[in-house]
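Following: one structure in structure tokens, then a few remarks.
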Amino acid sequence: MWKNKAAILSLPKIVDPRGNLTVAEHGSGVPFAINRVYWTYDIPAGEGRGGHAHKACEEIIIAVSGSFDVTLDNGTERKTFHLNHPYQGLYVGVGVWRTLDDFSSGSVCLVLASQEFNEDDYIRDYDEFLSYIQCLK
């Protein structure tokens with residue numbers, strides 16, 4: 001059910017005594033050309049993010065600082081991923097509902113996206129999402 005829709009990706013981690021470095025670039029851990037980068041931070045305790053799916057945009061979600069949970073829903077089953085390593089990213093394919101919650105204090109969520117922002121690409125209503133993925137089958 002999750003093939004090509006969700007996976008934890010290991011990004012290159014360059015270990016150095018002065019501090020580690022991780023790189024995210026197309027062809028080196030990122031399966032798409034990056035056209036948009038955004039991050040969320042200062043998320044109040046108990047708040048969540050996400051609550052949508054995309055029709056065309058693929059994403060990689062990274063906890064660059066702290067930790068949080070990402071729950072993915074393909075319309076049939078849900079799977080929760082706990083992100084807490086800045087050298088790992090969660091690949092989220094198209095047609096997958098996502099919610100992010102349980103943010104630790106000081107956490108930063110970085111998202112690499114295959115598309116520039118386009119409101120028409122978002123499905124923000126869960127019932128509409130279920131109808132949309134049924135049409136794809």
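Worth knowing before you read on, the calculation uses all heavy atoms, side chains too, and leaves out hydrogens, waters and symmetry mates. Residues: numbered from 1 along the sequence shown.
Checked against a 6.0 Å centroid threshold, the rings of Y126 and F129 count as neighbours. Here F32 and H26 keep their ring centres 6.0 angstrom or further from each other.
When hydrophobic clusters are built by joining Ile, Leu, Val, Met, Phe, Trp and Tyr residues whose side-chain heavy atoms come closer than 4.5 Å, directly or via intermediates, L11 is not grouped with L21. By the rule that hydrophobic residues join a cluster once side-chain heavy atoms approach within less than 4.5 Å of another member, V30 and V23 end up as members of separate clusters. Residues L90 and I34 are members of separate hydrophobic clusters, defined by side-chain heavy-atom contacts under 4.5 angstrom among Ile, Leu, Val, Met, Phe, Trp and Tyr. Connection of V70 to Y91 is not established within any shared hydrophobic cluster, with ILVMFWY side chains joined at heavy-atom distances below 4.5 Å, either directly or through further cluster members. Two different hydrophobic clusters hold Y38 and I62 under the rule that ILVMFWY side chains link at heavy-atom gaps under 4.5 Å.
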Taking only distance into account, with no hydrogens and no angle test, what donor-acceptor pairs under 3.5 Å do side-chain atoms of residues 103-115 form with protein atoms, sequence neighbours excluded?
| from | atom 1 | to | atom 2 | distance (Å) |
| --- | --- | --- | --- | --- |
| S104 | OG | S67 | N | 2.9 |
| S104 | OG | S67 | O | 3.4 |
| S107 | OG | S104 | O | 3.0 |
| S114 | OG | E58 | N | 2.8 |
| S114 | OG | E58 | O | 3.4 |

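Side chain of K79 to backbone of D73: no donor-acceptor contact under 3.5 angstrom is found. The backbone N or O of D120 sits less than 3.5 Å from a side-chain atom of K55, completing a donor-acceptor pair.
R124 has its side chain within reach of E119: a pair of non-hydrogen atoms, C-beta onward, lies under 4.5 Å apart. Within the 4.5 Å cutoff, no side-chain heavy atoms of D102 are placed close to those of F68.
Qualifying side-chain contact (heavy atoms from CB on, under 4.5 Å) partners for R18, counting only residues two or more places apart in sequence or in other chains: D16. Residues satisfying the side-chain hydrogen bond (donor to acceptor under 3.5 Å, both in side chains) criterion with D69, sequence neighbours excluded, are H82.
Within the model, atoms CZ of R36 and CG of N118 stand 10.0 Å from one another, a figure rounded to the nearest 0.5 Å. With rounding to the nearest 0.5 Å, the separation of CG in L100 from OG1 in T71 is 8.0 Å. In this structure, CG on D101 lies 11.0 Å from CD on E47, to the nearest 0.5 angstrom.
Nearest heavy-atom pair, G29 versus P31, reported as atom, atom and distance to 0.1 Å: O-CD, 3.7 Å. Taking both residues in full, the closest heavy atoms of C57 and D121 are given as CB-OD2, 3.2 Å, listed atom of the first, atom of the second, then distance. Closest heavy-atom contact between Q88 and S10: NE2-OG, 4.5 Å.
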Item to complete: Please report the C-alpha distance between F81 and R98 in whole Å, then the side-chain angles of each, then the deciding distance to 0.1 Å, and finally whether the side-chain contact (heavy atoms from CB on, under 4.5 Å) criterion is met.
Response: CA-CA 11 Å; F81 298 85; R98 83 278 327 267; over 6 Å; no

Practice prompt. Quick one: do R49 and I43 satisfy side-chain contact (heavy atoms from CB on, under 4.5 Å)? Show the steps, please.
Written response: CA-CA 9 Å; R49 300 288 305 192; I43 298 159; 4.0 Å; yes

Discussion item. Walk me through whether I61 and V92 qualify under side-chain contact (heavy atoms from CB on, under 4.5 Å).
Written reply: CA-CA 8 Å; I61 302 171; V92 182; 3.9 Å; yes

